[in-house]
Amino acid sequence: MNTMLLFSFAASEMWLQIVLFIVGIIVVLWGADRLTDGAVGLAERMGVPQIVIGLTIVSIGTSMPEFFVSLMSAVNGTPDLAVGNVVGSNIFNTALIVGVAAMICPIHVLPATVKKDMPFAILASVVLLVMCIDSSISRIDALLLFILFVVFMYITLKGARASFGQGSDEGATEKQPRTVLRSVLLVILGLACLVLGSNVFVDNASAIATNLGMSEALIGLTIVACGTSLPELATTAVAARRGNSGIAIGNVLGSNVFNILMILGITGLISPMNIQGITNIDLGMLLLSIVVLWLFSFTKYRVERWEGALLTAGFLGYMTYLIVQTV
């Protein structure tokens, strides 16, 4: 399974596999945090507006766990884990994270998010669903995904620049930016932790799945996806607790688009993937969750508590279905 790497980080004993699995999660999340801090520090030093940082660097930073886990999974010969991680993470983001946040405090959604970001997230989900019909993501498919990612980034940056140019000083910051050297070191440290942690994470997740008789697709859709979505969960929970959970929904949607277009685009270009364990139900849930969120947001530019409860119930029902299928 790991013939393309010099070392396998999977332990031989079940209890040690579980310990290393948890350690891998911690290292990946800590690395993503350091990478985001360093990238934000560099952006501030270069005078990039905070609104641009939030729409791009922070969203990409919180998607780095998914990126490295999916990349290492594909390279190690476990493409079901790679795609399952992305599909599961997006369902987790849209249904559970937004659902829980809305139950804590109703989410106010900006009209621009409803009219631009959500439709793009739906488009990305539809494109992935169509590509998975033949159970493979070729390099041509991956190139198309990456081109769409570049288009999304262009539209996002152009919109942010126009908003910033209207006289808003929203991006101003009173704190002293970090030095360039410290920011660069944080980026390097974060990347190193992501590479190491994701290897430990993927190797032991695959070993645990084998020992429990679970498919790699299932563990990618559940345990791995939930673990790599912890940055988005933490961000949204904090925002909801402070009563401004609407800010976090942009990060969730941005992460969803990055997960499909950037992660699977780059991963597929490096290593084309044959997918066997991802079902139409999984892909259908991916598309359904984002469409339902868009419909909820479209009505009054707001996600109510009962709507959040419905999203959460849908996620729990989907998880129950996956678990029952393995029994």
With sequence neighbours left out, the residues meeting side-chain hydrogen bond (donor to acceptor under 3.5 Å, both in side chains) with D282 are T279, Y318

Residues passing the ring pair (Phe, Tyr, Trp, His ring centres under 6.0 Å) test with Y301, sequence neighbours excluded, are none

### Flag side-chain contact, heavy atom, 4.5 Å: I290 against L253
yes

Those residues at least two apart in sequence (or on a different chain) that pass side-chain hydrogen bond (donor to acceptor under 3.5 Å, both in side chains) with T299 are none

ask   = Do L287 and L283 belong together in a cluster built from hydrophobic side chains that touch within less than 4.5 Å?
value = yes

Taken in chain and number order and not counting sequence neighbours, the residues that satisfy salt bridge (charged side-chain N to carboxylate O under 4.0 Å, His left out) with R302 are E304

Please tabulate, for side-chain N and O atoms in residues 9-30, each donor-acceptor pair with protein atoms closer than 3.5 Å (sequence neighbours left out).
{"residue": "Q17", "atom": "OE1", "partner": "N211", "partner atom": "ND2", "Å": "2.8"}
{"residue": "Q17", "atom": "NE2", "partner": "A11", "partner atom": "O", "Å": "2.8"}

Across all chains, not counting sequence neighbours, the side-chain hydrogen bond (donor to acceptor under 3.5 Å, both in side chains) partners of S135 are none

Contacts of S271 meeting side chain to side chain contact (heavy atoms under 4.5 Å, CB included) (sequence neighbours excluded), chain-then-number -> A74

Residues joined to I140 in its hydrophobic cluster, side chain to side chain under 4.5 Å directly or through other members, sorted by chain and number, are none

Practice task
Verify the cluster assignment for V180 and L185: are they in a single hydrophobic cluster under the rule of side-chain heavy atoms below 4.5 Å apart?
Solution key: no

Do any side-chain atoms of residues 118-129 form donor-acceptor pairs under 3.5 angstrom with protein atoms, and if so which ones, sequence neighbours left out?
{"residue": "S125", "atom": "OG", "partner": "A121", "partner atom": "O", "Å": "3.0"}

F149 ring center within less than 6.0 Å of F146 ring center: yes

Distance col, row L264:CG vs L71:CG, nearest 0.5 angstrom, shows 11.0 Å

Residues passing the ring pair (Phe, Tyr, Trp, His ring centres under 6.0 Å) test with F315, sequence neighbours excluded, are F92

Residues passing the side-chain hydrogen bond (donor to acceptor under 3.5 Å, both in side chains) test with S73, sequence neighbours excluded, are none

- Task: Determine whether the side chains of N85 and S70 contain a donor N or O and an acceptor N or O closer than 3.5 Å.
- Result: yes

